[in-house]
Amino acid sequence: MTKLPSRSGLLRSHLLRSRLLRTGAVALALGLPLASAARAQAPAATPAAPAAAPVAPETVVAKVNGAAITAGDLAIAGEDPALSLPGVDDAQKKNLLVDYMIDLKVGAQAADAAKIGDSPDFQRKLAYFKDKLLLDEYLEREAKKAATPEAAKALYEQTVKAMKPEEEVHARHILVESEDEARKIAARIKDGEDFAKVAAEVSKDPGSKTEGGDLGWFTKERMVAPFAEAAFKMNAGQVSDPVKTQFGWHVIKLEEKRTKPVPTFDEMREQVDQYITRKAQQDLILKLREGAKIERTAAAPAVAPAPKAP
């Protein structure tokens, strides 16, 4: 009997094909006749070989009617978010990109022969994307100058100094529908039964039930008011009387209290770098606008008034 592919395998194949089709590249559309025919004679995939040495950007990987496609061209295509292929190994991705660039070059040559590039609409699109690429590259280069390790460290230290100490607690809870149930549960625990075991047995909260009612560490504002008020008044090891919220009735056990630890520089580094980068880019655009002569004609849409401060 022929073994059918697993459901998960079929789903992964479908998703991969859908992603490739969305790129608009004929070579990446695995089901199209030309692409499939060209690959019909290809040998079966072999296990991935060890990573090869870096290839020089000018290295030619294919030619289309004499026009070269280089490793540098592949690298640029590989940076295109539309061509992101998570889960595809490097060798397979490189082959797909080569096929994509071949199709791109074939199509571009045909479009050029048809004088597509001479139309006013195309020239406007070309000018737009040129400006966009120039701006993106300029902002990226300038932002790198601002996002230095020294700037990141200084911003982190400034942010940490401004942070106020914040109390947080580690608690467990059991959620039930009625006050009577909650009182009986509280009595069982106060008589010596294990809280986590009782939570796993009777709690209606699916998110914490399998963890013995454990909610982990949380600050006061993260919980609904009645629950938070009760939890933060308790001492470590204490079990509450029933507490009512919009979710039902809770029995709470406080495990620990502490002042919330300040995140380390390494933990915040990515956020800090992102903030510095965005701010540097925003400041640069504002500075450029201030130094430019900008005129809006009568044909431009009216500028909406800024909202009034509350």
Side-chain angles (χ1 to χ4, degrees), residues 15-16 19-20 22-24 48 50-59 70-94 96-97 100-101 127-170 207 215-223 258-292 294 306-307 309:
L15 291 174
L16 176 60
R19 177 182 288 276
L20 297 176
R22 285 200 299 273
T23 67
V55 178
E58 62 273 13
T59 302
T70 67
D73 297 329
L74 294 187
I76 292 172
E79 294 173 359
D80 186 345
L83 301 178
S84 173
L85 298 172
V88 176
D89 65 60
D90 289 344
Q92 185 181 7
K93 182 174 181 178
K94 184 176 179 180
L96 289 170
L97 287 175
Y100 168 75
M101 291 300 295
Y128 167 79
F129 283 108
K130 178 183 177 182
D131 286 349
K132 186 175 185 301
L133 285 170
L134 283 170
L135 174 61
D136 289 347
E137 187 73 17
Y138 181 58
L139 289 177
E140 183 177 345
R141 291 187 182 186
E142 292 302 308
K144 283 181 179 178
K145 298 177 184 178
T148 62
E150 295 77 17
K153 190 70 173 178
L155 178 59
Y156 167 77
E157 291 174 354
Q158 179 185 346
T159 303
V160 167
K161 285 180 182 178
M163 292 175 66
K164 296 180 180 178
E166 193 173 14
E167 187 179 35
E168 64 179 357
V169 298
H170 175 200
L215 297 171
W217 289 97
F218 56 88
T219 52
K220 198 169 187 177
E221 71 275 3
R222 283 186 54 198
M223 296 295 175
R258 70 179 182 186
T259 299
K260 186 177 180 180
V262 174
T264 66
F265 176 65
D266 287 340
E267 290 170 339
M268 291 188 67
R269 181 63 187 270
E270 185 176 350
Q271 292 174 267
V272 169
D273 284 344
Q274 287 176 355
Y275 175 84
I276 293 174
T277 297
R278 287 196 300 268
K279 188 175 187 306
Q281 292 174 341
Q282 182 182 41
D283 290 346
L284 178 58
I285 290 295
L286 291 174
K287 182 179 179 181
L288 291 172
R289 286 179 69 97
E290 289 174 1
I294 299 172

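Below, each value reflects all heavy atoms present in this structure, side chains not excepted, and no hydrogens, waters or symmetry copies.
Other residues, nucleotides and ligands contribute more than 12 heavy atoms inside 6.0 Å of the NZ atom of Lys93. For Lys279, the NZ atom counts as loosely surrounded, since its 6.0 Å shell holds 12 or fewer non-hydrogen atoms of other residues, nucleotides or ligands. By the neighbour-count criterion of 12 heavy atoms within 6.0 Å, atom CZ of Phe218 is densely surrounded, having more than that number from other residues, nucleotides or ligands. For CD of Glu270, the number of neighbouring non-hydrogen atoms (other residues, nucleotides, ligands) closer than 6.0 Å is 12 at most.
Among residues two or more places apart in sequence or in another chain, the salt bridge (Lys or Arg N to Asp or Glu O under 4.0 Å) test is passed with Glu142 by Lys145. Remark: Asp80 engages no residue in a salt bridge (Lys or Arg N to Asp or Glu O under 4.0 Å) (not counting sequence neighbours). Phe265 is linked by a ring-ring contact (aromatic ring centres under 6.0 Å, His included) to Tyr156, counting only residues two or more places apart in sequence or in another chain. With sequence neighbours excluded, no residue satisfies salt bridge (Lys or Arg N to Asp or Glu O under 4.0 Å) with Lys260. Thr70 is linked by a side-chain hydrogen bond (donor to acceptor under 3.5 Å, both in side chains) to Asp73, counting only residues two or more places apart in sequence or in another chain. Remark: Arg269 pairs with Asp273 by the salt bridge (Lys or Arg N to Asp or Glu O under 4.0 Å) rule, at least two apart or across chains.
Distance check, rounded to the nearest 0.5 Å: CG of Leu133 to OH of Tyr128 gives 9.5 Å. Distance check, rounded to the nearest 0.5 Å: CE of Met101 to CD1 of Ile76 gives 8.0 Å. To the nearest 0.5 Å, the span separating CG on Leu215 from NE2 on His170 amounts to 8.0 Å. With rounding to the nearest 0.5 angstrom, the OG1 atom of Thr259 is 6.5 Å from the CD atom of Glu167.
The two residues Ala280 and Ala143 come nearest to each other via the heavy atoms CB-CA, 4.4 Å. Scanning all heavy atoms of the two residues, the minimum distance from Arg289 to Ile294 falls at O-CD1, 3.8 Å. The two residues Glu140 and Gln281 have their closest heavy-atom pair at N-NE2, 4.1 Å.
One finds a salt bridge joining Glu137 and Arg141 here, because a Lys/Arg side-chain nitrogen approaches an Asp/Glu carboxylate oxygen to under 4.0 Å. A salt bridge is defined here as a Lys NZ or Arg NE, NH1 or NH2 lying under 4.0 Å from an Asp or Glu carboxylate O, and Lys132 with Asp136 meets this definition.
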- Message: For a side chain to side chain contact (heavy atoms under 4.5 Å, CB included) check, start with the C-alpha distance between Val272 and Ile276, then their side-chain angles and the critical distance, and finish with the verdict.
- Response: CA-CA 6 Å; Val272 169; Ile276 293 174; 3.9 Å; yes
- Output, in order, the C-alpha distance, side-chain angles, deciding distance and verdict of side chain to side chain contact (heavy atoms under 4.5 Å, CB included) for Leu288 and Tyr138. CA-CA 12 Å; Leu288 291 172; Tyr138 181 58; 4.0 Å; yes
- Using the side chain to side chain contact (heavy atoms under 4.5 Å, CB included) rule, take Gln92 and Leu96 through it: C-alpha gap first, then chi angles, then the decisive distance, then the call. CA-CA 6 Å; Gln92 185 181 7; Leu96 289 170; 4.2 Å; yes
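Checking side-chain atoms of Gln271 against main-chain N and O of Met268 turns up no donor-acceptor pair under 3.5 Å.
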